[in-house]
Amino acid sequence: MTTKTKIIDGNAFSARLRDTLTQKVHEMRDSHHVTPGLAVVLVGEDPASQVYVRTKHKRTIEVGMKSFMHTLPADTPEHELLTLIAGLNKDPEVHGILVQLPVPKHIDSQKIIEAIDPAKDVDGFHPINVGRLASGGEGMVPCTPLGSMMLLKDCLGKLGGLDAVVIGRSNIVGKPMAHLLLKESCTVTIAHSQTRDLPEVVRRADIVVAAVGKAEMVRGDWLKPGCTVIDVGINRIELPDGTKKLVGDVAFDEAVKVAGAITPVPGGVGPMTIAVLLRNTLVAAARLHNLPDPGV
Ligand code: GUN
């Protein structure tokens with residue numbers, strides 16, 4: 001291939017977004033005496049979740065927000081978690097609440113999601129926010145799909161009329177991503193484990209969003225030449241020599257030869273998620289205090 005494929009740099013984009021947020025947080029504090037606050041709740045000792053939560057805390061402090069961390073033992077009863085959430089809902093210093101998923105099996109995650117005040121639901125998982133996204137209202141939008149849209153719009157400009165295929169139908173990524181693409185007037189297909197002839201469906205797409213959690217499942221010869229690929233997957237694989245490596249849901253080395261633009265793993269969508277979480281916290285703080293929309 002002689003044409004150059006654009007490698008979409010999520011690290012650089014998210015760093016710029018965090019710089020903008022830092023500026024807006026200081027403006028809000030200086031002009032309105034409001035400092036946005038984010039509460040993150042982790043139940044149990046899942047090592048990957050511990051890493052995510054620590055990074056969230058660090059980034060929250062870096063942009064000048066308040067960070068409230070709540071780490072609870074794995075055997076915390078559900079009612080105790082619900083009591084904590086009720087307290088955070090009432091706390092005027094807390095504008096965003098995130099309960100790290102997955103929660104231990106004895107806790108009903110949907111009940112937890114529905115206990116969070118929708119105005120503070122910076123994950124956008126509460127049914128009120130899911131409904132607002134689906135019906136076009138002003139709600140909180142899930143972080144990973146919103147971050148993916150920011151990268152897509154930066155790369156392509158207007159998306160109207162483009163064929164988009166989302167692979168995966170999760171509540172966290174696939175379904176909200178499809179709604180966001182539809183809002184931008186794409187023709188949207190949601191593919192999943194029972195889709196017939198997935199390679200043929202993907203071949204029609206100008207935009208491919210892979211969010212299935214299967215290492216390198218999407219092959220280079222499934223792609224329409226010049227398409228834009230957003231790889232949401234983060235899979236840890238072991239190489240023949242025993243070393244471990246992070247890969248996406250797309251076979252990058254093949255796809256990079258066909259696509260017009262592609263997000264790498266790591267360094268693509270991943271860093272966007274936390275930056276958008278901070279963006280959602282700033283927006284939640286503005287709405288809760290009836291301040292102007294921060295415009296990010
Ligand atoms: N676990 C993996 N992704 C997410 C996310 O976006 N939000 C929460 N709360 N937990 C997660």
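Indexing begins at 1, ligand by ligand and atom by atom, following the structure's order. Keep in mind that this is a model prediction, so the values were computed, not measured.
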Measure the spacing between CD of E80 and CG of D75 and express it to the nearest 0.5 Å.
9.0 Å
Below 4.0 Å from any atom of ligand 1, which residues have a heavy atom? Give them in chain and number order, please.
L98, V99, Q100, L101, D123, F125
For the atom pair CH2 (W222) and CG (L198), what is the distance rounded to the nearest 0.5 Å?
4.5 Å
Neighbour count >12 (heavy atoms, 6.0 Å) for atom OH, Y52:
no
I112 side, atom CD1; I85 side, atom CD1 - distance, nearest 0.5 Å:
4.5 Å
Test: K153 and E184 ion pair at under 4.0 Å:
yes
CE of M140 to NE2 of H126, rounded to nearest 0.5 Å, is 13.0 Å
